[in-house]
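Please read all numbers here as calculations on a predicted model, not as lab measurements. Just the heavy atoms: all of them, side chains too, but no hydrogens, waters or symmetry mates, feed the values below. Numbering of residues begins at 1 and proceeds along the displayed sequence.
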Amino acid sequence: SASPTPLAAPTTAALEDPEAKFNRLRRAVDLAPATEAARMSAETNNQPLSSNDPEFLYLYGRAMFLTDKPQDAASAFDLAIKKIDENMTPRNGELKIDASMAKVAAHLRAGDAEAARLAAEALGEVTRPQQPDVNLNWSASPTPGVTP
């Protein structure tokens, strides 16, 4: 008689929250950027910029930035931003802010002031000016006074 085959236990990676996974991978990049860049490159058959995953592209750009390859970093951040624009979600919106700021830093490190200026101007798309709260009632606020 045949015995039932046990089901494979779910892997930790399969159960990992996407945000927790991203944070874990970002820490790995920060701790060993060259090692992580090599891993990511191998994972994509030495074509990391061909990835369609904006998180992957951002992390690869971060690894390039931390290994002093600012032009490669700027390219990866730019691609991450483009992929985010194709699929905007609240989570991707947060990543777009980080990738946009990192792109400015990469251009500055590369010594390309004009590209850094343009990237900084593009931050206007992801940042919003703060609107004054018209519901504030300033007259109801207590006036600071001197207490004896």
Verdict with supporting geometry, Thr44 and Phe56, side-chain contact (heavy atoms from CB on, under 4.5 Å):
CA-CA 10 Å; Thr44 58; Phe56 177 92; 3.6 Å; yes
What distance separates [X] [atom1] from [Y] [atom2], expressed to the nearest 0.5 Å?
X	Y	atom1	atom2	answer
Arg117	His107	CZ	NE2	12.0 Å
Met64	Ser75	CE	OG	11.0 Å
Leu123	Ser100	CG	OG	5.0 Å
Lys21	Asp17	NZ	CG	11.0 Å
Ile81	Ile97	CD1	CD1	11.0 Å
Leu49	Asp72	CG	CG	7.0 Å

Applying a strict under-4.5 Å side-chain criterion to I, L, V, M, F, W and Y, I'd like to know whether Leu66 and Met40 cluster together.
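Yes; tracing contacts between hydrophobic side chains, which count when under 4.5 Å, links both residues.
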In terms of hydrophobic clusters joined by side-chain contacts under 4.5 Å, are Met88 and Phe77 together?
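The answer is yes; both residues are in one hydrophobic cluster.
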Tell me whether [X] is salt-bridged to [Y], with the criterion being a basic N under 4.0 Å from an acidic carboxylate O.
X	Y	value
Arg91	Glu94	no
Lys82	Glu86	no
Lys103	Asp78	yes

Sub-4.5 Å side-chain heavy-atom contact between Leu95 and Phe22:
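A side-chain contact under 4.5 Å exists here.
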Determine the minimum heavy-atom distance between Leu57 and Pro48, stating which atoms define it.
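The pair with the smallest heavy-atom distance is CD2-O, 3.5 Å.
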Heavy-atom pair with the smallest gap, counting every atom of Pro33 and Asp30:
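For Pro33 versus Asp30, the nearest heavy atoms are CD-O, 4.0 Å.
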Under the 3.5 angstrom rule, does the side chain of [X] hit a backbone N or O of [Y] as a donor-acceptor pair?
X	Y	value
Asn52	Lys83	no
Arg109	Phe65	yes
Thr67	Ala63	yes

Arg27 vs Val29, side-chain contact (heavy atoms from CB on, under 4.5 Å): CA-CA, chis, key distance, verdict:
CA-CA 5 Å; Arg27 278 190 305 276; Val29 166; over 6 Å; no
Can you list the steps and then say if Leu25 with Arg39 is a side-chain contact (heavy atoms from CB on, under 4.5 Å)?
CA-CA 11 Å; Leu25 292 171; Arg39 180 191 61 76; 3.9 Å; yes
side-chain contact (heavy atoms from CB on, under 4.5 Å) between Tyr58 and Asp98, worked out
CA-CA 9 Å; Tyr58 170 78; Asp98 290 345; 4.0 Å; yes
With Arg24 as reference, evaluate Glu19, Glu36, Glu16, Glu55 under the salt bridge (charged side-chain N to carboxylate O under 4.0 Å, His left out) test and give the passing residue.
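Testing each of Glu19, Glu36, Glu16, Glu55 against Arg24, the sole residue satisfying salt bridge (charged side-chain N to carboxylate O under 4.0 Å, His left out) is Glu16.
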